[in-house]
Protein chains: 2
Amino acid sequence: MAGNNGLSEKVHERGGRMTRQCRAVLDALASVDMHPTAAEVYEIVRETVPDISQGTVYRNLRRLVELGYAQELDYGPGASHFDASVESHCHARCTNCSKIIDLDIDSSLAPCLKEAQAAAKGWQISDQRIEFEGLCPECSEVNKSE
Amino acid sequence: MAGNNGLSEKVHERGGRMTRQCRAVLDALASVDMHPTAAEVYEIVRETVPDISQGTVYRNLRRLVELGYAQELDYGPGASHFDASVESHCHARCTNCSKIIDLDIDSSLAPCLKEAQAAAKGWQISDQRIEFEGLCPECSEVNKSE
DNA sequence: ACGCTAAATGATAACTGTTACTGATTATAA
DNA sequence: TTATAATCAGTAACAGTTATCATTTAGCGT
C-alpha cells in the first residue's frame with residue numbers, strides 16, 4: 001500500500017529533509033489504525049530501521065506534529081499517543097489497557113460545544129478535546145469472567 | 001471556616017487514619033478555587049505543616065482520588081492537576097500558563113454526549129472528559145502587546 | 001492513661017517519559 | 001562530486017511520580 005499517503009513529499013516541501021528514519025516514523029504512524037505511543041512507534045520502526053534510536057523517534061514525531069501532519073494525544077496518565085489524522089475528533093480510552101480509538105461523532109455536537117465555549121469568558125479557545133473513558137470490549141470481557 | 005466540609009470524618013469512616021498531613025492536603029484542596037498541581041498543593045500545605053514531604057502529598061492526593069473525594073486532571077503535558085469537586089464537568093486549560101478553570105456548561109450538552117457514546121460500540125463508558133484549550137485572559141493580554 | 005500494632009510518615013532512591021547535548025552521518029544543492 | 005547544514009545514534013539530563021525502608025504515630029483495647 002501507499003503507506004505515507006504522499007506525506008513524505010509534503011514534509012520535504014516544508015524544508016525538511018526526508019531521511020530513512022523520518023520516512024519510517026511517518027509510515028509507521030500512517031500504516032497503523034491504532035494510536036501508538038512513542039515507544040510503540042519505536043518498536044514498529046525498528047522492524048525496518050533496526051538501529052534507529054528512541055530520541056530520533058521522539059524528534060520526528062514532534063516534527064510531524066509541528067508540521068501539522070499528526071496530532072499528539074496527551075490525555076490520561078502515562079505516555080502520549082500519536083494520531084496520523086489531524087482533524088479534531090472524539091476518542092475513547094480504555095482505563096485498563098490504555099488503548100485509544102477514534103469515535104465517529106455526528107456533527108450535531110458542534111453547536112453544543114459552541115455554547116460551552118461561550119462559558120469561557122475572556123478566553124481564546126483554540127481547540128477542544130472530547131474523550132470518553134471506560135473499558136474496551138476486550139478488557140470488559142476479561143472483567144466479566146472474574 | 002469549616003475547610004474540609006467534613007471530609008476528614010468520611011476518610012476516617014473508610015478505614016483511613018486521619019493524620020495531620022492528610023487533613024492538611026484535604027484542606028488545601030478544598031480551600032482553593034483553582035486546580036493545583038501536586039507541587040502547588042505541596043507549597044500550600046507547607047504553610048501549616050512545614051516539614052511534610054512531597055511523597056506524602058502525592059500519597060494523600062492519590063488516596064483522596066481513590067476514595068472518590070477528588071479527581072485528577074491529567075490532560076496535557078506536564079504535571080497533573082487536582083480538583084476537589086468530583087462531579088464530571090468541563091474545563092478550560094491555558095496552553096501558555098497551564099492554568100485550568102471550571103466551565104459552567106448547560107446540561108444541554110448531555111444528550112449530544114449520549115449520542116457520542118453510542119458510537120463506542122462494545123465499550124463500557126464510565127466517564128467523559130471535555131476540555132477546551134487556548135489562552136486564558138491574562139495570557140492572551142500579554143500576547144496582544146508583542 | 002498506657003502501651004500495642006498496623007498504618008502513615010520523611011527521606012531518598014528508583015523509575016518513566018521526554019528532551020538536550022555530543023560528535024558522527026548523510027541528504028540535498030551547487 | 002563535493003560542501004554543508006540538517007539529521008542521526010547514543011547517552012546524559014530532566015521533570016514528575018512512585019517505591020522502599022526505617023521511624024513515627026493514630027486509634028484501638030485494656
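Remember, it's a predicted structure, so these values are computed and weren't measured experimentally. The sequence lines fix the lettering, A, B, ..., with proteins before strands; numbering per chain opens at 1.
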Here the distance between atom C1' of dT9(C) and atom CE of Met18(B), to the nearest Å, is 14 Å
Separation of dA27(C) atom P from Asn60(A) atom CG, nearest Å, is 13 Å
Sorted by chain and residue number, the side chain to side chain contact (heavy atoms under 4.5 Å, CB included) partners of Gln128(A) (sequence neighbours excluded) come out as Ser88(A), Leu113(A), Gln117(A), Phe132(B)
When rounded to whole Å, the CD to P distance for the pair Glu66(A) and dT7(D) reads 11 Å
Leu61(B) atom CG is separated from dT9(C) atom P, nearest whole Å, by 11 Å
So the ring pair (Phe, Tyr, Trp, His ring centres under 6.0 Å) pairs with at least one residue in residues 33-61 of chain A (sequence neighbours excluded) are His35(A)-His91(A)
Residues passing the salt bridge (Lys or Arg N to Asp or Glu O under 4.0 Å) test with Glu43(A), sequence neighbours excluded, are Arg46(A)
Taken to the nearest whole Å, CZ/Arg63(A) to P/dT19(C) is 15 Å
When rounded to whole Å, the CG to P distance for the pair Leu26(B) and dA8(C) reads 14 Å
- request: Check whether any side-chain nitrogen or oxygen of Thr19(A) sits under 4.0 Å from OP1 or OP2 of dT7(D), and answer yes or no.
  value: no
In short, the helix from dA1(C)-dT30(D) to dA30(C)-dT1(D) is bent end to end, axes from five pairs each side, to 10°, by 30°
Practice prompt. Return no unless some side-chain N or O of Arg17(B) is found under 4.0 Å from OP1 or OP2 of dC28(D).
Written response: no
In 5'-to-3' order, the base (B), backbone-only (S) or no-contact (-) status of each nucleotide in nucleotides 9-24 of chain D, using a 4.0 angstrom heavy-atom cut-off, is BB-----SBBS-----
Students should find that the hydrophobic cluster of Ile100(A), defined by side-chain heavy atoms under 4.5 Å apart, otherwise consists of Leu73(A), Tyr75(A), Leu73(B), Tyr75(B), Ile100(B)
ask   = Are Glu72(B) and Arg62(B) close enough for a salt bridge, meaning some N to O gap below 4.0 Å?
value = no
Note: with side-chain heavy atoms under 4.5 Å as the link, the other cluster members for Val32(B) come out as Met34(B), Ile44(B)
Taken in chain and number order and not counting sequence neighbours, the residues that satisfy side chain to side chain donor-acceptor pair (under 3.5 Å) with Arg59(B) are Thr56(B)
Arg129(A) meets the salt bridge (Lys or Arg N to Asp or Glu O under 4.0 Å) criterion, sequence neighbours left out, with Asp74(A), Glu133(B)
For the pair Gln71(A) (side chain) and Ser85(A) (backbone), establish whether a donor and an acceptor sit closer than 3.5 Å, ignoring hydrogens and angles.
yes
